[in-house]
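Down below is the structure, laid out as structure tokens.
The chains referred to below are lettered A, B, ... by the order of the sequence lines, with proteins before strands, and numbering in each begins at 1.
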Amino acid sequence: MAFWLVKSEPDAFSWAQQVEHEVEPWTGVRNFQARKNLAAMRTGDRAFFYHSNIGREIVGVVEVVREAYPDPTADEGNWICVDMRAVGPMPRPVTLAEMKADESLMDFALIRQSRLSVVPVSDAHWAHLCALGGWREP
DNA sequence: GCCAACGTTGGC
DNA sequence: GCCAACGTTGGC
């Protein structure tokens, strides 16, 4: 199982909406590197749900329930999306400031490539971030 | 609201 | 294929 982090501006699509809808297609990715990451996602992979711009923190955990298929919101180009299911909220949201201050996260793609909206998370980083956020399997 | 970083586009 | 111009993202 692989781990990821996906970003959303809460104005556009928030964690609350993800929870409300339960399963939701992750659409709108229009960046080649992010697309590559989406394509590599497998059913059962987990991802942190991050609020960019407003909040700037990891607010929850989602799970891939459907692998890459054509993004219905794209009117040209072969863009893809996956379906995500809300697993649960972070008991204690992990902020960007906190992550930037953490030496063990220096090589985390979220920090190094701030504009990438779908980023891979290493097993070690996943475990570390789960510990910081007090994450427990529901 | 501003600005830095960076991806994309288009001229050559 | 290079590079300048431009647009977008996202932190502050």
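A:K7 places a side-chain N or O within donor-acceptor distance of the main-chain N or O of A:S114, the cut-off being under 3.5 Å.
Among residues two or more places apart in sequence or in another chain, the side-chain hydrogen bond (donor to acceptor under 3.5 Å, both in side chains) test is passed with A:R30 by A:D71, A:T73. The side-chain hydrogen bond (donor to acceptor under 3.5 Å, both in side chains) search around A:R66 returns none, not counting sequence neighbours.
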Assign a letter to each nucleotide of nucleotides 5-12 of chain C from its 5' end: B, base within under 4.0 Å of a protein heavy atom; S, sugar-phosphate only; -, no contact. --BBBBBB

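Under the 6.0 Å cut-off for aromatic ring centres, A:F32 and A:W79 qualify, their centroids lying closer than that.
Legend: ring-ring contact (aromatic ring centres under 6.0 Å, His included) pairs involving residues 87-121 of chain A, not counting sequence neighbours, sorted by first then second residue: A:F108-A:H125.
A perpendicular orientation is assigned to the rings of A:F49 and A:W15, their planes being inclined by more than 60° (bins at 30° and 60°).
For the segment residues 28-36 of chain A, the set of residues with a heavy atom within less than 4.0 Å of an atom of DNA chain B comprises A:N31, A:F32, in numerical order.
Residue A:V23 shares its hydrophobic cluster (ILVMFWY side chains chained together at separations under 4.5 Å) with A:V65.
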